[in-house]
Amino acid sequence: MYIFDSHQKKKLPFTPLQKGKVKLYVCGPTVYDNAHLGHAKSSLVFDLLRRVLVANGYDVTYARNITDIDDKIINKAKESGKTIKELTDFYTEAFHKDMQAIGVQKPDIEPKATQSLEAMQQMIQKLLDNNHAYQTPSGDVYFDTQSDSEYLTLSNRVQNEEEKQNRVESSQEKKNSADFALWKSVQDGTISFDSPFGKGRPGWHLECSAMIEKHLAYDDLEYAIDIHGGGADLLFPHHENEAAQTRCSTNHQLAKYWIHNGFVNIDGEKMSKSLGNSFFLKDALKEYQGEVLRFYLLSTHYRSDFNFNTQDLESAKKRLDKLYRLKKRLFGLEVKEEQTPFQTKLLEALSDDLNVSFAFALIDEMVTNANEILDTKGKHKELKRQTLANLAYIEKVLGFGQQNPFEYFQFGIDETTKEKINTLIEQRTQAKKAKDFALSDKLRDEILAYGVQLMDTPSGTFWEKV
RNA sequence: GGUGCUAUCGCCAAGUGGUAAGGCCGCAGCCUGCAAAGCUGCUAUCCCCAGUUCAAAUCUGGGUGGCACCUCCA
């Protein structure tokens with residue numbers, strides 16, 4: 001298996017810290033609002049990575065956190081008159097629901113910041129003891145970036161003197177402008193936690209480092225975990241700061257490999273709330289099935305930026321439709337696991353830094369090939385068996401094709417309409433039998449008016465939503 | 001200003017030294033009562049210039065365009 005490490009900036013052979021095991025940590029959402037398409041993309045990428053690691057035989061422990069302490073959360077709670085817990089519980093649940101809709105498997109561990117305060121405070125204490133952190137007169141605790149000779153090596157940045165001098169600082173008490181907060185003192189008695197450093201709240205960067213140490217890390221190895229992932233925007237400062245905190249407070253580096261996924265833009269523009277509806281995953285899910293969104297969002301390489309637009313989404317849907325039509329042709333047959341050359345090639349493609357484009361091309365080829373043979377006369381017992389095994393493999397590793405193929409094509413059509421359509425189809429079949437093609441075509445037009453197209457096959461007439 | 005990424009058919013998008021995958025759209029054909037679906041066939045020399053090489057989309061240098069990050073952010 002090969003993965004691109006965004007620290008070394010090159011594709012590397014993947015060798016886990018401990019044979020056969022992988023520890024994977026991904027930065028999860030701050031639960032103050034609904035998940036947007038960017039969250040979806042990131043979650044999908046690492047869901048796929050995890051599945052591919054598992055398919056390669058690794059015993060994977062996957063952790064994705066929930067950030068439920070944050071200024072944005074506190075502000076929103078104040079505005080809405082809800083408690084922090086009401087708010088974060090609501091959005092955490094919404095996040096889970098959205099993720100389920102697009103086929104993202106649950107992580108093995110889902111730590112919350114509020115449940116990891118002790119670990120965070122321990123880490124701050126260590127950093128204070130090691131002189132990597134300092135407390136200001138007003139009670140804030142900052143990480144001393146000057147004390148870490150490796151600071152900025154993860155993101156390959158250079159401290160810029162001009163920038164440092166020009167930037168207006170929010171706190172005059174910091175030793176260096178680059179220093180970041182580990183603990184923010186809260187004096188006004190609003191939302192705060194007790195700690196050895198006084199009442200306050202933890203800094204965002206600290207959360208991930210502490211949770212990794214508490215829930216996931218190896219104690220005695222050079223790195224705490226194998227892979228750390230997240231959106232491209234997190235490389236700096238978030239991951240840079242995480243890495244610094246971990247290396248200065250423990251005896252190991254944070255992660256052996258760093259993986260960052262590209263951004264999602266909408267119609268060529270950076271996502272922003274002002275763009276409206278399509279911004280949230282839950283809104284996109286009203287119009288498109290989760291699986292189609294999954295297929296579309298995964299269809300290009302994870303490191304490229306992704307330009308979300310309806311035209312490409314429709315084009316992706318048509319590609320997924322073909323997989324389901326093949327499934328329809330083999331509906332009802334018994335599925336048994338069976339290793340095929342196709343599966344080997346598919347896994348090989350995915351194991352090459354998640355080359356989904358190539359993997360998709362292999363699927364297209366497999367589908368076309370199966371259709372071609374099924375079109376010829378004959379029993380094709382072996383082909384059917386292998387094709388079913390291949391479809392099941394795609395379902396497991398990529399998460400596509402898990403639905404009933406007939407229901408897949410009926411998304412968004414209510415039961416009453418379905419009954420009407422079926423009645424009309426029955427009438428049309430009778431008309432066809434009687435060779436009354438004028439009536440048959442008239443009935444087909446009526447059915448088409450429901451946004452449904454018909455397909456006459458040897459085993460009957462089927463319909464699909466257009 | 002700093003740092004980094006990127007430029008392949010109408011659209012999306014693989015390919016990182018050996019002579020351009022795949023999907024959507026389009027055209028032609030097979031199949032079909034007609035369609036739809038499915039199948040077959042057809043459509044690019046890879047932003048520009050220079051260089052390295054027997055050989056470059058793929059490496060190097062320069063140019064032009066696009067994008068991202070620079071302490072809120074998946």
Side-chain angles (χ1 to χ4, degrees), chain A residues 6 9 11 26-30 32-33 35-46 64 70-72 145 152 155-163 166-167 169-170 177-181 204-205 229-238 240-241 260-265 268 270-272 296 299-301 303-307 309 311-322 325-326 328-329 349 352 355-365 367-376 432 435-438 440-441 444-445 448 452-457 461-464 466:
Chain A
S6 37
K9 293 187 197 301
K11 206 194 275 187
V26 175
C27 293
T30 301
Y32 70 104
D33 207 342
H36 55 59
L37 294 170
H39 292 112
K41 170 84 182 176
S42 183
S43 302
L44 285 167
V45 164
F46 293 104
R64 186 189 59 206
D70 185 88
D71 287 352
K72 285 195 287 279
T145 49
L152 297 179
S155 54
N156 295 302
R157 249 158 240 270
V158 190
Q159 278 282 35
N160 185 321
E161 283 304 319
E162 270 175 60
E163 185 187 40
N166 289 346
R167 198 166 283 280
E169 282 310 320
S170 53
S177 60
D179 294 354
F180 53 91
W204 171 49
H205 309 302
D233 54 330
L234 296 182
L235 178 58
F236 186 82
H238 185 51
E240 185 70 59
N241 293 352
H260 292 91
N261 66 277
F263 256 55
V264 177
N265 300 317
K270 190 176 169 166
M271 266 203 290
S272 73
Y296 173 47
S299 66
T300 71
H301 192 84
R303 265 185 287 118
S304 314
D305 283 345
F306 189 93
N307 184 30
N309 67 81
Q311 190 198 330
D312 293 347
L313 172 57
E314 292 290 350
S315 153
K317 181 187 177 299
K318 287 181 183 173
R319 202 175 185 179
L320 180 62
D321 287 352
K322 289 166 80 141
R325 290 207 186 96
L326 177 61
K328 212 154 66 165
R329 292 184 85 166
D352 180 18
N355 190 340
V356 274
S357 294
F358 197 80
F360 279 26
L362 288 169
I363 293 174
D364 292 329
E365 194 189 331
V367 170
T368 300
N369 191 37
N371 274 324
E372 188 185 352
I373 297 172
L374 289 170
D375 277 353
T376 64
K432 272 180 64 178
K435 298 219 184 295
D436 184 351
F437 294 123
S440 162
D441 290 348
R444 183 166 60 196
D445 286 344
L448 193 66
V452 162
Q453 70 183 11
L454 294 183
M455 286 163 188
D456 294 329
T457 78
T461 299
F462 299 115
W463 62 272
E464 292 183 359
V466 181

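Values reported hereafter were calculated over all heavy atoms of this structure, with side chains retained and with hydrogens, waters and symmetry mates removed. Computed from a prediction, not measured in an experiment: that's the story for all the values here. Note on naming: letters A, B, ... go to the chains in the order of the sequence lines (proteins, then strands), and numbering restarts at 1 for each one.
If you take CG of Leu235(A) and P of rU71(B), they are 14 Å apart, rounded to a whole angstrom. Rounded to a whole Å, the CD1 atom of Ile373(A) is 18 Å from the C1' atom of rC31(B). Rounding to whole angstrom units, CG of residue Asn261(A) and P of rA74(B) are separated by 11 Å. Residue Asn307(A) contributes atom CG, which lies 18 Å from atom P of rU6(B) at whole-angstrom precision. Atom CD1 in Ile363(A) sits about 14 Å away from atom C1' in rA14(B), given to the nearest Å. Here rA14(B) presents its P atom at 10 Å from CZ of Arg303(A), a figure rounded to the nearest Å. The NZ atom of Lys435(A) sits 12 Å away from the C1' atom of rU32(B) (whole-angstrom rounding). Look at CG on Asn241(A): it is 13 Å from C1' on rC72(B), rounded to the nearest Å.
Between rG23(B) and rU19(B), the two C1' atoms lie 24 Å apart (nearest whole Å). Look at the C1' atom in both rG26(B) and rU43(B): the space between them is 9 Å, to the nearest Å. Taking atom C1' in both rA14(B) and rC24(B), one finds a spacing of 15 Å when rounded to whole Å. rA44(B) and rA20(B) are spaced 8 Å apart, taking the C1' atom of each and rounding to whole Å. For the P atoms, the distance from rU71(B) to rG66(B) is 23 Å, rounded to whole Å. rG18(B) and rG10(B): their P atoms are spaced 26 Å apart (whole Å). Rounded to a whole angstrom, the distance from the C1' atom of rC67(B) to that of rC9(B) is 23 Å. Taking atom P in both rC48(B) and rG38(B), the straight-line distance is 36 Å, to the nearest Å.
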Short heteroatom pairs, N/O only, protein and nucleotides 67-69 of chain B, under 3.5 Å:
{"unit_1": "rC67(B)", "atom_1": "O2'", "unit_2": "Asp305(A)", "atom_2": "OD2", "d": "3.4"}
{"unit_1": "rC69(B)", "atom_1": "OP1", "unit_2": "Lys270(A)", "atom_2": "NZ", "d": "2.6"}
{"unit_1": "rC69(B)", "atom_1": "O2'", "unit_2": "Arg157(A)", "atom_2": "NH2", "d": "3.4"}

Protein N or O to nucleotides 33-35 of chain B N or O, pairs below 3.5 Å:
{"unit_1": "rG33(B)", "atom_1": "O6", "unit_2": "Ser440(A)", "atom_2": "OG", "d": "3.3"}
{"unit_1": "rG33(B)", "atom_1": "N1", "unit_2": "Asp441(A)", "atom_2": "OD1", "d": "3.0"}
{"unit_1": "rG33(B)", "atom_1": "N2", "unit_2": "Asp441(A)", "atom_2": "OD1", "d": "3.4"}
{"unit_1": "rG33(B)", "atom_1": "N2", "unit_2": "Asp441(A)", "atom_2": "OD2", "d": "2.7"}
{"unit_1": "rC34(B)", "atom_1": "O2", "unit_2": "Arg444(A)", "atom_2": "NH2", "d": "2.4"}
{"unit_1": "rC34(B)", "atom_1": "N3", "unit_2": "Arg444(A)", "atom_2": "NH1", "d": "3.0"}
{"unit_1": "rC34(B)", "atom_1": "N3", "unit_2": "Arg444(A)", "atom_2": "NH2", "d": "3.4"}
{"unit_1": "rC34(B)", "atom_1": "N4", "unit_2": "Asp456(A)", "atom_2": "OD2", "d": "3.3"}
{"unit_1": "rA35(B)", "atom_1": "N1", "unit_2": "Asp456(A)", "atom_2": "N", "d": "3.3"}
{"unit_1": "rA35(B)", "atom_1": "N1", "unit_2": "Asp456(A)", "atom_2": "OD2", "d": "3.3"}
{"unit_1": "rA35(B)", "atom_1": "N3", "unit_2": "Arg444(A)", "atom_2": "NH1", "d": "2.9"}

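Phe236(A) meets the ring-ring contact (aromatic ring centres under 6.0 Å, His included) test with no other residue; sequence neighbours excluded. With sequence neighbours left out, the side chain to side chain contact (heavy atoms under 4.5 Å, CB included) criterion links Leu235(A) to Leu154(A), Ser155(A), His260(A). Under the rule for a ring-ring contact (aromatic ring centres under 6.0 Å, His included), the partners of His238(A) that lie at least two apart in sequence or sit in another chain are Trp204(A), His205(A). For Lys432(A), the side chain to side chain contact (heavy atoms under 4.5 Å, CB included) partners at least two apart in sequence or on another chain are Arg428(A), Ser440(A), Asp456(A). Partners of His39(A) by ring-ring contact (aromatic ring centres under 6.0 Å, His included), not counting sequence neighbours, listed by chain and number: His36(A). The salt bridge (charged side-chain N to carboxylate O under 4.0 Å, His left out) search around Asp305(A) returns none, not counting sequence neighbours. By the salt bridge (charged side-chain N to carboxylate O under 4.0 Å, His left out) test, Lys318(A) pairs with no residue at all, sequence neighbours left out. Residues that satisfy the ring-ring contact (aromatic ring centres under 6.0 Å, His included) test with Phe360(A), not counting sequence neighbours, are Phe295(A), Phe400(A). For the side chain to side chain contact (heavy atoms under 4.5 Å, CB included) test, residues two or more places apart in sequence or in another chain that qualify with Phe462(A) are Lys328(A), Phe406(A), Thr457(A), Ser459(A).
Across all strands shown, rG18(B) forms a Watson-Crick or G-U wobble pair, both distances under 3.5 Å, with rC54(B). Shown here, rU3(B) forms a base pair with rA68(B); the pair counts as Watson-Crick or G-U wobble because both key distances fall under 3.5 Å. Pair assignment for rG26(B) gives rC42(B), based on Watson-Crick or G-U wobble hydrogen-bonding distances that are each under 3.5 Å.
When heavy atoms are screened at a 4.0 angstrom cut-off, Val264(A) is found touching base atoms of the nucleic acid. Using a 4.0 Å heavy-atom distance criterion, Gly38(A) is classed as a base contact.
Where Asn156(A) and Cys27(A) each meet RNA chain B at their nearest nucleotide, the meeting point lying more 5' is that of Asn156(A). Taking the nucleotide of RNA chain B with the nearest heavy atom to each of Ser299(A) and Arg329(A), the more 5' of the two is matched to Ser299(A).
Between Asp352(A) and Lys11(A) there is a salt bridge, since at least one side-chain N of the basic residue sits less than 4.0 Å from a carboxylate O of the acidic one. Arg319(A) and Asp364(A) are joined by a salt bridge, as a carboxylate oxygen and a charged side-chain nitrogen come within less than 4.0 angstrom of each other.
Between the side chains of Asn371(A) and Arg325(A), no donor N or O sits under 3.5 Å from an acceptor N or O.
Heavy-atom neighbours of Phe358(A) CZ from other residues, nucleotides or ligands within 6.0 Å: at or below the threshold of 12.
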Checklist line | Per-nucleotide protein contact string for nucleotides 15-28 of chain B (B base, S sugar-phosphate only, - none; heavy atom under 4.0 Å) | finding: S-----BBBSS---
